[in-house]
Amino acid sequence: MSSGNGTTYQAETGTTLTGAAVQSTNPGYTGTGYIDFQASSDAAIQWNNVIIGSTGTKNVKIRYALQTGTSYLDVYVNGTKVISHAAFEATGSLETWAEKSFQIPMTSGNNNTLKLVTTGTEGPNIDQIQLTAYVVDPTAKRLKHDRYDDYAQYLNEFDSFMKSNGVELYAISIQNEPDYAHDWTWWSPEEMLRFMKENAGSINNRVIAPESFSYVKKMSDPILNDPEALANMDILGAHTYGTNDKDFPYPLFEEKGAGKELWMTEVYYPNSDMTSGDRWPEALGVAEHMYNAMVEGNFQTYVWWYIRRGYGPMKEDGTISKRGYSMAHYSKFVRPGYVRVEATKNPDPEVYVSAYKGDKKVVIVAINKGTSAVSKDFVLQDGYAPSVSSWVTDSSRSLAAGAPIDASNGAFTAELPAQSVTTFVAELETVDFGSLAGIVEKFVSSDPGIQHALVSKLNQAKDSASQRNTNAMQGQLDAFINQVNAQSGKALTEQQARVLTELANLLRSLQI
């Protein structure tokens, strides 16, 4: 039913039910009945053919009844989970009906689906849903426009207070989740823009804005499109609760945000079930979510909500959860100041790869969501490492160290176990003519004649490279490799000969 108050969809008609049944025992419902979930987990109701007139964030109001306790449902739109573990508090009886609203990004069209799924606590009885355009609650707490200067001064005073107590804040945020502010101050996109343009410049620290609860771009687009407001923003902050993977990229920030930082400042994923921290492969989703944030979203920072929680990286007893180990595959090895580098991000449909460089190391994080192990080849670019270290987390292991993997010509092959995340770390060695000559002198110190002949060929190749005579350099490196191979098992061990050959070929590739 459509009206000026939005569109209402009854639960008992036009829906697909899984482990749920239409009932009419308890009065107070609208329509001809309501839905009663029959299972504590994976029972579902899906509304089909939901009509959305224009793309944007919608307010979804769910009418429900629940006698005691709190029930949790996952919310899906068009098959993608947009809210994990949405809480429905008790209404006091199954005859007492209440409403719970959620803000959900939806796309225009006549065939959208919206599904509610139980997550371990059964679920409330569902009467109907109502979809309306998402507008700011007129009764929400708001900051008066004529007090914006005072608020900026307050933020400065807080910053000074922290500094006087030994805490140097890196940056300060204008407002936590200004577009989800049921219990704090609500800001419209226009208000946030006005403050950023007229008042944020007086803040004596780096400024984070706007920190939308679900990376809603309409909160940050106006700042990016206004040069004065943009000049006062140092860090574009966003939370990614319910954000679809496809909405992680932000082309406007890539276009306008030069010199600005992009931080994901709060999330938990995929739900907040207090017993979910060790569920596998569910916890593998944390590694995938971090992959999407880094690779698809180009975020430079990833911040988890509560660290110590049953659904957090650390459980209530202080031990690390599987979610925490999944996170550690990034946080333990990808350190501040590292840079993400290009990698074949999706070499197989169920494999996701990202790579990072820093401190003369290359860090590769590879996720295998598939139910079978896969063997993958990895090639290091612009660097050499004789071996690679690895750590794996899967159903039975937690950040377990593996045996060193030999690397040949900057390449190695490794198996990715089923439903696992693996981190590879390669410590790069500097390769130039001088360093290669030093290795030769070390390897063949007992035979000055061979040592001199090999170093001379490298010096000749170096001179040719400096004169940009590529053909001559190639020939001299070939002569070097031929003599190395001739001395394998003689002045050089087979392993030493292999290393020198690999380094010479790598040096060749760097010079061309």
Side-chain angles (χ1 to χ4, degrees), residues 1-2 6-20 35 37 41-64 72-88 100-119 123 126-135 179-180 212-219 238-251 264 267-272 281-282 284-286 288-289 291-293 295-297 346 349-350 352 369:
M1 178 181 70
S2 179
T7 304
T8 299
Y9 297 88
Q10 294 293 333
E12 70 276 14
T13 57
T15 53
T16 300
L17 304 180
T18 303
I35 294 303
F37 292 111
S41 296
D42 298 324
I45 173 174
Q46 176 173 294
W47 284 269
N48 305 307
N49 303 315
V50 175
I51 300 172
I52 302 297
S54 60
T55 297
T57 301
K58 307 302 176 184
N59 191 74
V60 179
K61 184 187 296 182
I62 302 172
R63 191 168 190 264
Y64 74 98
Y72 299 91
L73 301 176
D74 286 343
V75 183
Y76 292 77
V77 171
N78 297 329
T80 298
K81 186 189 297 184
V82 295
I83 299 178
S84 296
H85 225 58
F88 291 79
K100 187 70 178 278
S101 293
F102 300 95
Q103 287 71 51
I104 300 174
M106 299 188 74
T107 304
S108 63
N110 297 331
N111 298 305
N112 287 281
T113 63
L114 190 147
K115 182 166 69 171
L116 306 179
V117 182
T118 60
T119 63
I126 303 295
D127 178 33
Q128 63 177 31
I129 60 171
Q130 184 183 61
L131 274 68
T132 58
Y134 176 50
V135 295
D179 51 346
Y180 196 67
S212 165
F213 84 102
S214 190
Y215 207 9
V216 176
K217 305 300 193 301
K218 73 175 184 180
M219 287 298 302
H239 300 179
T240 53
Y241 292 110
T243 307
N244 289 326
D245 297 345
K246 66 181 179 61
D247 293 324
F248 273 52
Y250 199 175
M264 198 292 295
V267 77
Y268 58 77
Y269 186 89
N271 56 50
S272 58
E282 182 181 275
L284 183 61
V286 173
E288 184 186 7
H289 194 261
Y291 163 90
N292 283 319
V295 176
E296 303 299 342
N346 200 196
E350 297 293 327
Y352 302 86
K369 291 178 60 181

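- In this structure the side chain of Y352 reaches within 4.5 angstrom of the side chain of N346, judged on heavy atoms.
- Looking at every heavy atom in both residues, H85 comes nearest to D74 through N-OD1, 2.7 Å.
- N271 places none of its side-chain heavy atoms less than 4.5 Å from the side chain of Y72.
- The two atoms that bring Q10 and D127 nearest to each other are OE1-O, 3.4 Å, heavy atoms only.
- With F248 as the aromatic partner, K246 does not meet the cation-pi criteria of under 6.0 angstrom to the ring centre and within 45 degrees of the ring axis.
- Remark: side-chain polar atoms of T57 are not paired, donor with acceptor, to backbone N or O of P105 under 3.5 angstrom.
- G242 and S214 get closest at one heavy-atom pair: C-OG, 3.8 Å.
- From I83, atom CD1 reaches atom CD of Q103 across 8.0 Å, with rounding to the nearest 0.5 Å.
- Qualifying ring pair (Phe, Tyr, Trp, His ring centres under 6.0 Å) partners for H239, counting only residues two or more places apart in sequence or in other chains: none.
- Within the 4.5 Å cutoff, the side chain of L131 has heavy atoms near those of the M106 side chain.
- The closest side-chain heavy-atom distance from Y76 to V82 is not below 4.5 Å.
- Here the closest heavy-atom approach between residue A43 and residue F37 is recorded as CB-CD2, 3.8 Å.
- Minimum interatomic distance between T113 and G79 (heavy atoms only, all atoms of both residues): OG1-N, 4.0 Å.
- Because its NZ or CZ atom is both nearer than 6.0 Å to the ring centre of Y250 and within 45° of the ring axis, K217 counts as a cation-pi partner of that residue.
- Only one option out of N112, T107, N111 pairs with N78 in a side-chain hydrogen bond (donor to acceptor under 3.5 Å, both in side chains); it is N112.
- Residues passing the side chain to side chain donor-acceptor pair (under 3.5 Å) test with D179, sequence neighbours excluded: S212.
- Minimum heavy-atom separation, L73 to I126: CD1-CD1, 4.5 Å.
- L116 is listed as a side-chain neighbour of I62, based on a closest heavy-atom distance under 4.5 Å.
- A heavy-atom distance below 4.5 Å is not found between the side chains of V117 and T18.
- Note: H289 and Y268 fail the aromatic proximity criterion, with ring centroids not under 6.0 Å apart.
- T132 has its side chain out of reach of K61: every pair of non-hydrogen atoms, C-beta onward, lies at least 4.5 Å apart.
- By the 4.5 Å heavy-atom criterion applied to side chains, I51 and T7 are not counted as neighbours.
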